[in-house]
A.B. asks: 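Structure provided below as structure tokens; questions to follow.
A note on names: the letters A, B, ... follow the listed sequences, proteins ahead of strands, and every chain is numbered from 1.
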2 protein chains.
Amino acid sequence: MDFVGHLTAHNIKPSLQRIKIYEYLHENRAHPTVETIYSDLVDEIPTLSKTTVYNTLKLFIDNGIASTVTIEDNEVRYDAIMDEHAHFKCDSCGNVYDIEMDISTIKFKKINSFKVETTNIYLKGKCNKCLTNKN
Amino acid sequence: MDFVGHLTAHNIKPSLQRIKIYEYLHENRAHPTVETIYSDLVDEIPTLSKTTVYNTLKLFIDNGIASTVTIEDNEVRYDAIMDEHAHFKCDSCGNVYDIEMDISTIKFKKINSFKVETTNIYLKGKCNKCLTNKN
DNA sequence: TTATAAATATGTAATGATTACAAACTTAGA
DNA sequence: TCTAAGTTTGTAATCATTACATATTTATAA
């Protein structure tokens, strides 16, 4: 995938930090937090600042190439996959999985008077790995 | 509704603070934040502490008579309605509305390997009032 | 009723994520 | 090469939440 082209196409000047952060989001689909992104990338970019991570993610969100995933109150996660999908968090191991789904299949009873622009679906429970391991 | 009985039935000793906070949650269905709950109730209970509000809400959640609503990253809201329902936040006026729905109608493509315990649905967009006012 | 222990509530201080802001650095164009 | 604009950085400020110690209330039994 052409990360630089994708940034440019969304009016984002492709600086080293921006390319690396976007690339990281794409290759680490575990929906990382700012802390994770920062600590993993600081090895590669020693001058990296946490403020830059915050600024860059905000820029991505404003320009529509990333979004936040807030399953729990206390942790904000980030996602570069912009296709419609749900998220599942295992409350045993803490991993967050993508769940493919067709949001148009959801039927609401009285949604007429609202103009829905975004739909977020968060599921919680136990993932297969934890169900099998029974730890 | 018998608030005291409901608290007792869920192993919560009905102190004044607990009764008032639970009552408040039931009567203010705009999904208030800790800040709102505290500042509205402190008139009635002048000695009320914000810590008590936090502690009490945590107790309610642990005992299954309330839940958190986290539509945005930066604000945690609380809800005493435990029936299955979705939430809609108007990004114009900021109000949060309950949306009745039957969660069992949702069809996921590959949910087999997960054991889903909780489903949260958050919608964002414009509410009817804001669409009409065109402010 | 009174003494005692357990449960609740309170206030202050600590924590930790996020944001504000100013300075340093980099890039692109004249 | 100079300048201006854009980008990155580090520090300090903010703000919600939690930890914790103290005070208060409640329940129980002598």
Side-chain angles (χ1 to χ4, degrees), chain A residues 3-4 7-8 10-25 31-63 65-79 94 96, chain B residues 3-4 7-8 10-25 31-63 65-79 94 96:
Chain A
F3 295 120
V4 172
L7 292 175
T8 311
H10 287 82
N11 297 313
I12 296 170
K13 199 181 287 185
S15 70
L16 173 70
Q17 288 85 342
R18 291 169 178 178
I19 297 167
K20 288 294 178 189
I21 292 172
Y22 188 69
E23 196 180 313
Y24 183 90
L25 270 184
H31 311 84
T33 61
V34 165
E35 188 55 43
T36 313
I37 298 168
Y38 171 76
S39 59
D40 283 358
L41 285 180
V42 77
D43 298 330
E44 206 175 340
I45 312 169
T47 63
L48 186 65
S49 155
K50 210 176 273 184
T51 302
T52 300
V53 179
Y54 277 107
N55 290 341
T56 304
L57 290 170
K58 187 179 184 328
L59 183 70
F60 288 174
I61 290 166
D62 289 347
N63 292 40
I65 63 165
S67 62
T68 55
V69 180
T70 41
I71 302 181
E72 307 285 353
D73 316 344
N74 51 355
E75 53 173 29
V76 180
R77 291 158 168 273
Y78 293 85
D79 195 345
V96 176
Chain B
F3 296 120
V4 173
L7 292 175
T8 311
H10 287 83
N11 297 312
I12 297 169
K13 199 181 286 185
S15 70
L16 173 71
Q17 288 84 342
R18 290 170 179 178
I19 297 166
K20 287 294 178 188
I21 292 172
Y22 188 69
E23 196 181 313
Y24 182 90
L25 271 184
H31 310 84
T33 61
V34 166
E35 188 54 42
T36 313
I37 298 169
Y38 172 76
S39 58
D40 283 357
L41 285 180
V42 77
D43 298 331
E44 207 174 339
I45 312 169
T47 63
L48 186 65
S49 157
K50 210 176 273 184
T51 303
T52 301
V53 179
Y54 277 106
N55 290 341
T56 304
L57 290 170
K58 187 179 183 329
L59 183 70
F60 288 174
I61 291 167
D62 290 347
N63 293 39
I65 63 166
S67 62
T68 55
V69 180
T70 41
I71 303 182
E72 307 285 352
D73 318 342
N74 51 355
E75 53 172 30
V76 180
R77 291 158 168 273
Y78 293 85
D79 195 346
V96 175

A.B. asks: Are any side-chain N or O atoms of B/Thr52 and backbone N or O atoms of B/Leu48, one a donor and one an acceptor, separated by less than 3.5 Å?
C.D. replies: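 No; zero donor-acceptor contacts below 3.5 Å.
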A.B. asks: Evaluate the criterion side-chain contact (heavy atoms from CB on, under 4.5 Å) for residue pair A/Leu25 and A/Leu57; output intermediate values, then yes/no.
C.D. replies: CA-CA 10 Å; A/Leu25 270 184; A/Leu57 290 170; 3.9 Å; yes
A.B. asks: Can you tell me the distance, in whole Å, between the CZ atom of B/Arg77 and the P atom of D/dT17?
C.D. replies: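 Computing the B/Arg77:CZ to D/dT17:P distance gives 12 Å.
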A.B. asks: Among A/Val69, A/Val34, A/Ile21, whose side chain to side chain contact (heavy atoms under 4.5 Å, CB included) with A/Tyr78 holds?
C.D. replies: A/Val34
A.B. asks: Using the heavy-atom set of chain B and a strict 4.0 Å cut-off, write down the first and last nucleotide of DNA chain C that makes it in, 5' to 3'.
C.D. replies: C/dA7 to C/dT12
A.B. asks: If you measure from CZ on B/Phe60 to OG1 on B/Thr68, what distance do you get to the nearest 0.5 Å?
C.D. replies: 14.5 Å
A.B. asks: Let me confirm one number: the NZ-CG distance from B/Lys58 to B/Asn63, rounded to the nearest 0.5 Å.
C.D. replies: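 Separation between the atoms: 9.5 Å.
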A.B. asks: Can you tell me how far the CG atom of B/Asn55 sits from the CD atom of B/Gln17, to the nearest 0.5 Å?
C.D. replies: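 Output value for this atom pair is 11.0 Å.
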A.B. asks: Would a 4.5 Å heavy-atom cut-off, applied to side chains only, mark A/Leu59 and A/Arg18 as touching?
C.D. replies: yes
A.B. asks: Could you state the CG-P distance from A/Asp62 to D/dT7, rounded to the nearest angstrom?
C.D. replies: 13 Å
A.B. asks: Quick one: CG on B/Asp40 to OH on B/Tyr24, what's the gap to the nearest 0.5 Å?
C.D. replies: 3.5 Å
A.B. asks: Rounded to whole Å, how long is the line connecting atom CG of B/Asp73 with atom C1' of D/dA16?
C.D. replies: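 The distance from CG of B/Asp73 to C1' of D/dA16 comes to 14 Å, rounded to the nearest Å.
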A.B. asks: Output the residues of residues 15-22 of chain A in contact with DNA chain C, where contact means a heavy atom of the residue under 4.0 Å from an atom of the strand; sort by number or write none.
C.D. replies: none
A.B. asks: Identify, between B/Val34 and B/Lys13, the residue whose nearest nucleotide on DNA chain D lies closer to the 5' end.
C.D. replies: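 Nearest nucleotide further toward 5': that of B/Val34.
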A.B. asks: What is the separation between atom CG on B/Asn74 and atom C1' on D/dT14, rounded to the nearest whole Å?
C.D. replies: 13 Å
A.B. asks: Please list, by residue number, the residues of residues 47-59 of chain B whose heavy atoms come closer than 4.0 Å to an atom of DNA chain C; answer none if no residue qualifies.
C.D. replies: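 Those residues whose heavy atoms fall under 4.0 Å from DNA chain C, taken from residues 47-59 of chain B in numerical order, are B/Thr47, B/Leu48, B/Ser49, B/Thr51, B/Thr52, B/Asn55.
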A.B. asks: What distance separates B/Lys50 NZ from B/Ser39 OG, expressed to the nearest 0.5 Å?
C.D. replies: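 With rounding to 0.5 Å, NZ (B/Lys50) is 8.0 Å from OG (B/Ser39).
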A.B. asks: Among A/Thr70, A/Thr33, A/Ile37, whose side chain to side chain contact (heavy atoms under 4.5 Å, CB included) with A/Arg77 holds?
C.D. replies: A/Thr33
A.B. asks: Working note: A/Ile65 + A/Phe3, criterion side-chain contact (heavy atoms from CB on, under 4.5 Å); need CA distance, chi angles, decisive distance, verdict.
C.D. replies: CA-CA 11 Å; A/Ile65 63 165; A/Phe3 295 120; over 6 Å; no
